[in-house]
K.L.:
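This structure is in structure tokens; I'll ask about it shortly.
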Amino acid sequence: MMDRRTALKNMALSFGFAVSGSTIISLFNSCSDEKTTVTSEFFKASEMYNIAQLVDLILPKTATVGAKDLNTAHFVDKMCQHVLDDQQQKEMRLGVTEFSKRFLKITGNSTTEGTRQNYELMLSTYFNISKDQEKAVFEMLDSDYNGLSNAIKPDYHLYTFLTTVRELSLLGYYTSQTIMELDLEA
């Protein structure tokens, strides 16, 4: 049986992004275990807090380093700024706003006041769904946005945000120098 990290690694490595060499080097350098003060490029500070909390839950520290240890949240931020097109960036901004609204509604806290348990509840609410619900979500994400009803668009924004953060977190984590070196040693 394949363990969770191996499965996630294989998923992350299967994601492909077409970017220039200098951009990709800059992006991968952002996902390192060196602790430096980095200002966000795409997300506001409060939104970066969201990203950092989500990234830490997606790939927590175990026997190996976690995504938080590798500054993966900053990798996500840089990818959103430098790789996503204008429409994708707009969707991410709408998604982070929708996430914040629902966070407050579900937990009673703002995202910056939220606890780890609050963020776990949010991920559980939107990712621990039935296979039929999951299929419906991915069909919605594959749909033409303009063809969606206004009632569904907030769900579209939320899931676009959450799935993009998850995909970019996996990509940043498993392509980081630290993890690549650990994988080579194993």
Side-chain angles (χ1 to χ4, degrees), residues 3-100 103 111-112 114 116 119-120 122-123 126-127 141 157-186:
D3 70 12
R4 178 175 174 256
R5 285 199 186 255
T6 302
L8 291 173
K9 175 183 153 194
N10 291 338
M11 280 178 43
L13 293 176
S14 70
F15 296 129
F17 290 93
V19 295
S20 71
S22 61
T23 301
I24 201 73
I25 289 169
S26 169
L27 293 170
F28 287 149
N29 284 340
S30 71
C31 195
S32 71
D33 54 0
E34 294 176 20
K35 301 294 181 209
T36 57
T37 303
V38 180
T39 56
S40 60
E41 296 180 31
F42 181 76
F43 293 105
K44 295 183 238 174
S46 61
E47 296 167 344
M48 278 303 293
Y49 182 81
N50 295 345
I51 303 299
Q53 298 307 309
L54 292 169
V55 162
D56 189 39
L57 288 172
I58 292 167
L59 290 160
K61 185 175 187 169
T62 58
T64 61
V65 296
K68 191 174 184 178
D69 300 317
L70 299 175
N71 297 318
T72 305
H74 292 290
F75 176 85
V76 172
D77 179 64
K78 284 178 171 275
M79 290 292 283
C80 289
Q81 179 66 30
H82 297 289
V83 176
L84 299 184
D85 64 32
D86 291 342
Q87 182 59 36
Q88 291 168 319
Q89 288 179 344
K90 179 181 176 186
E91 291 169 359
M92 286 298 286
R93 291 192 192 288
L94 291 168
V96 74
T97 300
E98 186 63 29
F99 178 82
S100 295
F103 192 97
T111 55
T112 55
R116 181 176 182 86
Y119 279 90
E120 287 171 346
M122 290 299 290
L123 284 182
Y126 294 105
F127 282 142
L141 291 175
H157 297 139
L158 176 71
Y159 275 105
T160 296
F161 168 72
L162 289 172
T163 57
T164 301
V165 168
R166 180 176 60 187
E167 290 170 4
L168 294 176
S169 297
L170 293 170
L171 179 67
Y173 182 83
Y174 286 109
T175 57
S176 70
Q177 181 178 352
T178 301
I179 298 303
M180 295 298 274
E181 288 173 353
L182 287 173
D183 193 37
L184 290 174
E185 292 172 5

K.L.:
Who passes ring pair (Phe, Tyr, Trp, His ring centres under 6.0 Å) against Phe99, sequence neighbours left out?
P.N.:
Phe103, Phe161
K.L.:
Given 3.5 Å as the limit, does a donor-acceptor pair link the side chain of Tyr119 with the main chain of Thr111, or not?
P.N.:
yes
K.L.:
How long is the straight-line distance from OG of Ser100 back to CE of Met122, given to the nearest 0.5 Å?
P.N.:
8.5 Å
K.L.:
To the closest 0.5 Å, what do you measure between CD1 (Ile179) and OH (Tyr174)?
P.N.:
7.5 Å
K.L.:
Going by heavy atoms in the side chains, are His157 and Thr160 under 4.5 Å from each other?
P.N.:
no
K.L.:
Below 4.5 Å, heavy atoms only, C-beta onward: do Met92 and Thr164 meet side chain to side chain?
P.N.:
yes
K.L.:
Going by heavy atoms in the side chains, are Leu59 and Thr72 under 4.5 Å from each other?
P.N.:
no
K.L.:
Is there any salt bridge (Lys or Arg N to Asp or Glu O under 4.0 Å) pair reaching into residues 44-57, and which pairs are they, with sequence neighbours excluded?
P.N.:
Asp56-Arg116
K.L.:
Between Gly114 and Tyr49, what is the shortest heavy-atom contact and its length?
P.N.:
O-OH, 3.5 Å
K.L.:
Do Asp77 and Ser40 have a side chain donor and acceptor closer than 3.5 Å?
P.N.:
no
K.L.:
Just verifying a value: how many Å separate Leu123 CG and Gln53 CD, rounded to the nearest 0.5 Å?
P.N.:
10.5 Å
K.L.:
Can you check whether Arg93 reaches Phe42 side chain to side chain, under 4.5 Å on heavy atoms?
P.N.:
yes
K.L.:
Could you check whether any side-chain heavy atom of Arg166 comes within less than 4.5 Å of a side-chain heavy atom of Val55, counting everything from C-beta outward?
P.N.:
no
K.L.:
With no hydrogens and no angle check, do the side chains of Glu41 and His74 hold a donor and an acceptor under 3.5 Å apart?
P.N.:
no
K.L.:
So Thr64 and Tyr173, do their side chains get closer than 4.5 Å, heavy atoms only?
P.N.:
yes
K.L.:
Roughly how far, to the nearest 0.5 Å, is CD of Glu167 from CE of Met79?
P.N.:
10.5 Å
K.L.:
Taking the side chain as every heavy atom from C-beta outward, state whether Ser169 and Leu54 have any pair of such atoms under 4.5 Å apart.
P.N.:
no
K.L.:
Counting neighbours of CG on Asp85 that are heavy atoms of other residues, nucleotides or ligands and sit closer than 6.0 Å, is the number greater than 12?
P.N.:
yes
K.L.:
Do Phe127 and Thr163 come close enough that some side-chain heavy atom pair is under 4.5 Å?
P.N.:
yes
